[in-house]
Amino acid sequence: QVQLVESGGGLVQAGESLRLSCAASGRTFGSYGMGWFRQAPGEERAFVAGIDYSASSTYYADSVKGRFTISRNNAKNVVYLQMNSLEPEDSAVYYCAACRSGTYYISSRNYDYWGQGTQVTVSS
């Protein structure tokens, strides 16, 4: 069992940066693939970024490529999402998710554990 807790969301202006953190419980965090997703009101939950268990592979949605960076620290049981050059379209609740297979997937259905989410609001 893994419990995930996101933090770092908030209200920022367009062009500013935020760093989201996802703290995980459990000794097996280092074996999980991790993903960040986001969900805006009235929209489906969408993939943002993924990282495999060893941080040797990452993947980004086209909408955030070049602006967002996913990383992890397995010694601290934390995965991060550095978000730069934020745009109003990035406003959403951001969720982290863990996958027992050790890799990441674009589909949310492949993830086994989810955090409660953190709100990111970007004003224009």
Taking atom types as modelled, find out whether Thr103 and Ser101 have a side-chain donor-acceptor pair closer than 3.5 angstrom.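 On atom types as modelled, these side chains do not qualify, holding no pair under 3.5 Å.
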NZ or CZ of Arg72 within 45° of Tyr32 ring axis and under 6.0 Å: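 Here Arg72 fails the 6.0 Å and 45° test against Tyr32.
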Cationic tip of Arg19 above Tyr80 ring, under 6.0 Å, 45° of axis: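 Arg19 over Tyr80 ring: yes.
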Is there a donor-acceptor pair closer than 3.5 Å between any side-chain N or O of [X] and the backbone N or O of [Y]?
{"X": "Glu6", "Y": "Cys96", "answer": "yes"}
{"X": "Thr58", "Y": "Gly50", "answer": "no"}
{"X": "Glu43", "Y": "Ala40", "answer": "no"}
{"X": "Ser91", "Y": "Val122", "answer": "yes"}

Do the ring centers of Trp114 and Phe37 come within less than 6.0 Å of each other?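 Trp114 vs Phe37: aromatic centres under 6.0 Å.
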Does a side-chain heavy-atom distance below 4.5 Å link [X] with [Y]?
{"X": "Asn84", "Y": "Phe68", "result": "no"}
{"X": "Gln82", "Y": "Ser17", "result": "yes"}
{"X": "Gln39", "Y": "Tyr95", "result": "yes"}
{"X": "Tyr104", "Y": "Asn110", "result": "no"}
{"X": "Val64", "Y": "Arg38", "result": "yes"}
{"X": "Val120", "Y": "Met83", "result": "yes"}
{"X": "Ile70", "Y": "Val79", "result": "yes"}

Check this for me: [X], atom [atom1], are more than 12 non-hydrogen atoms of other residues, nucleotides or ligands nearer than 6.0 Å?
{"X": "Arg67", "atom1": "CZ", "answer": "yes"}
{"X": "Glu87", "atom1": "CD", "answer": "yes"}
{"X": "Tyr113", "atom1": "OH", "answer": "yes"}

What residue among Phe29, Tyr53, Tyr111 forms side-chain contact (heavy atoms from CB on, under 4.5 Å) with Met34?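 Looking at Phe29, Tyr53, Tyr111, the match for Met34 under the side-chain contact (heavy atoms from CB on, under 4.5 Å) is Phe29.
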What verdict does the side-chain contact (heavy atoms from CB on, under 4.5 Å) test give for Gln119 and Thr121, after you've listed the backbone C-alpha separation in whole Å, the side-chain angles of each residue and the deciding distance to 0.1 Å? CA-CA 6 Å; Gln119 177 71 48; Thr121 303; 3.4 Å; yes
[atom1]/[X] to [atom2]/[Y] distance, rounded to the nearest 0.5 angstrom?
{"X": "Ser63", "Y": "Asp90", "atom1": "OG", "atom2": "CG", "result": "7.0 Å"}
{"X": "Leu86", "Y": "Glu16", "atom1": "CG", "atom2": "CD", "result": "8.5 Å"}
{"X": "Ile51", "Y": "Cys99", "atom1": "CD1", "atom2": "SG", "result": "13.5 Å"}

Looking only at heavy atoms, which two atoms of [X] and [Y] are closest? And how far apart?
{"X": "Thr28", "Y": "Ser31", "result": "O-OG, 2.7 Å"}
{"X": "Leu4", "Y": "Ala24", "result": "CD2-CB, 3.6 Å"}
{"X": "Ala49", "Y": "Leu81", "result": "CB-CD1, 4.1 Å"}
{"X": "Pro88", "Y": "Ser123", "result": "CG-C, 4.4 Å"}

Should Val78 and Trp36 be counted in the same cluster of Ile, Leu, Val, Met, Phe, Trp and Tyr side chains packed under 4.5 Å apart?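 No, it is not one cluster - the side chains of Val78 and Trp36 are not joined through contacts under 4.5 Å.
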Do you reckon Tyr94 sits in the same ILVMFWY cluster as Tyr59, going by side-chain contacts under 4.5 Å, direct or chained?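 Different hydrophobic clusters.
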Might you work through the side-chain contact (heavy atoms from CB on, under 4.5 Å) test for Thr118 and Leu20, ending with a clear yes or no? CA-CA 8 Å; Thr118 186; Leu20 304 183; 4.0 Å; yes
